[in-house]
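Here's the structure, in C-alpha cells; my notes come after.
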Amino acid sequence: MSSSELVAPFATGTDAQWWKSAVVYQVYPRSFQDSDSDGIGDIRGVLNRLDHLQRLGVDVIWLSPVYRSPQADNGYDISDYEEIDPVFGTMADFDELLASAHERGIKIVMDLVVNHTSDEHPWFVESRSSPDNPRRDWYWWRDARPGTIPGEAGSEPNNWESFFSGSTWEFDESSGQYYLHLFDRKQPDLNWENPEVRHAVYAMMRRWLDRGVDGFRMDVINLISKQPGLPDGQRSESSRFGDGFPYFAHGPRLHEYLREMHREVFDGRDGLLTVGEMPGVTPGEAVLFTDQSRRELDMVFQFEHVGLDHGDGSKFTHRELAPGALAESLTRWQDALAETGWNSLYLSNHDQPRAVSRFGDDANWWRESATALATILHLQRGTPYIYQGEELGMTNRTFSSIDEVRDVESINHYRDRVASGDSDSDVLAAIGRIGRDNARTPVQWDASQHGGFTTGTPWLAVNPNTATINAEDQYDVAGSVFEHYRALIRLRHERAVIADGSFRRIAVTPASDAVFAYERRLGNDTVLVVANLSSQERVVRLDGYPAPWTTGTLLLGNVTRAGHDGAQTETELFAPWEARVYAL
Ligand code: TEU
C-alpha cells in the first residue's frame, strides 16, 4: 500500500497544545524490527515499518533509547548521549528516520535518561578515577557509614534498596568510597545538585532539538532531586533495607530543576511534547507538574493503575486485581486533572506486562478484552500512548527457565530471591506474570517462525502465538484489534469532544464493579462509553441517564450484535468484554 493511500495522521500543527488531539506510539527498537539479520531490532527496521504506523494513524513516535550503551539495561544505561549505538545503526540512519517520519506527518520524541548514566560514560570514568577529579561531584560519592569497615555488608552510606534488588550503593575499592545507583550498579546516579551536570544535560537536549526531534520522554525524572543528607529509609521487618523513596524521589528542588530546564531548553520553541515518567507521583503533584502556567512538563506517566496488582514489598509479590479497581483508579486521575494539568493515558509500555494478559482475559476473550481495554483508555481525557504490539493484542509469554530471561531487573530479582530460599518455579512464575520481558518479545508482524521480526535468531524468542496473533492477519479485517485501534484514533482526530471534552463517570444499576461507563461532553457534543470489563455477561442500566441504546447513535462497538430484539428498554445486556461508544 503506497504511503499516499494510507490514512494521513492527524496534522500535528504548531498549536501549543497539539498533543491533546495526538496519539503516541512507543517503539522499543530492540524488539520492533530487525533489518540486518543480527536478531536485534534497529533504526532501519523502524524506517521499514513506518507504513504500519501511518496506517494505524498515530501522530508521534516515542523512541526508546538508541544512544551508545553497554546495554546493561537495554539502552537505559547511556555511555554517549550524542552517538547512535552501532547495534541500532548510525546517526545517518536516525536522520533518515526523522526526515521520513516528518514527511508522513509523524513526530519523533526521544527517550531522555538523565537521572543516571552508564558507568562506562566518560563522565563517570573520570569521576571514578580519583576523589580529586573535577567530575567527582557529578555523581553521588559517599564514605562508608561511620563506625563500619568500608566494603563490608552494612557499611553502605544508607539503607536504600535498588529498584533492581540489593543496595543502591556500590563500593569502589580504589577510593574506599561508595557511589549511588538507584537502578543497576552499572547505572550511577548523576548529581543534579551540581549546576555543571544540569547545564551539560540542557546543552545536549538543545542539540537534539536543533537536530529536529520533537520532544522528550524523561526517564524517572522525579528522582533527579534527592533529599539532602540522603537519610535512611523506614525499615520493615522483612527486609534489611529501608524505604528510600521518600528521600530519593520528589526532592526539594525538583520543580526548580524542571522550570530551569524549561527556560534553558524549551522556551522559544513550539510543536514539542514533554512527558515525565514519575513512579509514585500523586494526582496532586501531577497537577503542579503539568499546569501549563508553571512551564514544567506537558504531562507525566503516573503509576497508580500499574501498581494495583503489586503485593507488599515488590511488584513480584502478587495481589489479585480487585474488580473495578482499574476503572476507579483511572477515574480518580481523570477527576484530579479535570481543570488543570493533563493526563497521559497508558496501560502498556516496555516495563509492564501485556495489558490484555494483565487486565483482560487473553485465554477466553482475547480479542474482546483487548479491544474493550483500548476503548475505555483511548476515549478518556488525555493523550493516549500505544506500546508496540498492543495494537495487535500481543500477550504475555511463559518462561520455563531463567536462561530464557534477558531483563536485568528480573535476573537480579531471580538471583536475590533464589539466594534467599525461594523456589525456582515460584520466582519464574512471578517473572512470567509481571516481568518486563513479557513486553519485550519481538513485534509479531506475520505468522512465520520469528513473526517477520528477523531472518536471524531473535535476541529474545518471539511468542509462539505469532502464528495467530500478528499484523498481517489483522489488516483490513473488520473487528480485528488493529482495526479497532485505527477506529479509536480516528474518533480522537475527528471529534473535538474526545480531546477537549469533560469527563464524568456514570453510575450503573445494579451497582457493578465490572461496568465502566463515562460521558465526554463539549458544548452540545456528547459521547458515551459503556464497557463490561468482565468475562461474564452483564445487564446494564445507567443511573439517571437516558439509555444510549435507545436514544443515541452507535459510533463503535467491539462485539457484533446479532441484531436487537427491538426492545427499547432502559436496560441492555452486554456480552463479556463488550464495549460500545455512542454519540448522543
Ligand atoms: O523505569 C523506571 C521505573 O519506574 C522502573 O522501576 C520500572 O517501573 C520498573 O522497572 C517496573 O518494573 C525507567 C525505564 O522505563 C526502565 O526501562 C529503566 O529500566 C529504568 O527507568 C532505569 O532507567
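Given the structure is predicted, the values throughout are model-derived calculations rather than measurements. Counting starts at 1 for both ligands and their atoms, in listed order.
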Whether R397 engages the ring of F399 as a cation-pi pair (distance to the six-membered ring centre under 6.0 angstrom, angle to the ring normal within 45°) should be assessed. yes
Below 4.0 angstrom, N of the basic side chain to O of the carboxylate: do R358 and D309 qualify? yes
Residues with a heavy atom under 4.0 Å from ligand 1, by chain and number, are D73, Y76, H116, F163, F164, F183, Q187, R217, D219, V220, E277, P279, F303, K315, H350, D351, E409, R436, R440
State, to 0.1 Å, how close V300 and S344 come at their nearest heavy-atom pair, and which atoms those are. O-OG, 2.7 Å
Could you check whether any side-chain heavy atom of L230 comes within less than 4.5 Å of a side-chain heavy atom of W160, counting everything from C-beta outward? yes
Would you say the side chain of V213 lies within less than 4.5 Å of the side chain of F94, judging by non-hydrogen atoms? yes
Taking the ring of F32 and the ring of F453, is the distance between their centroids below 6.0 Å? no
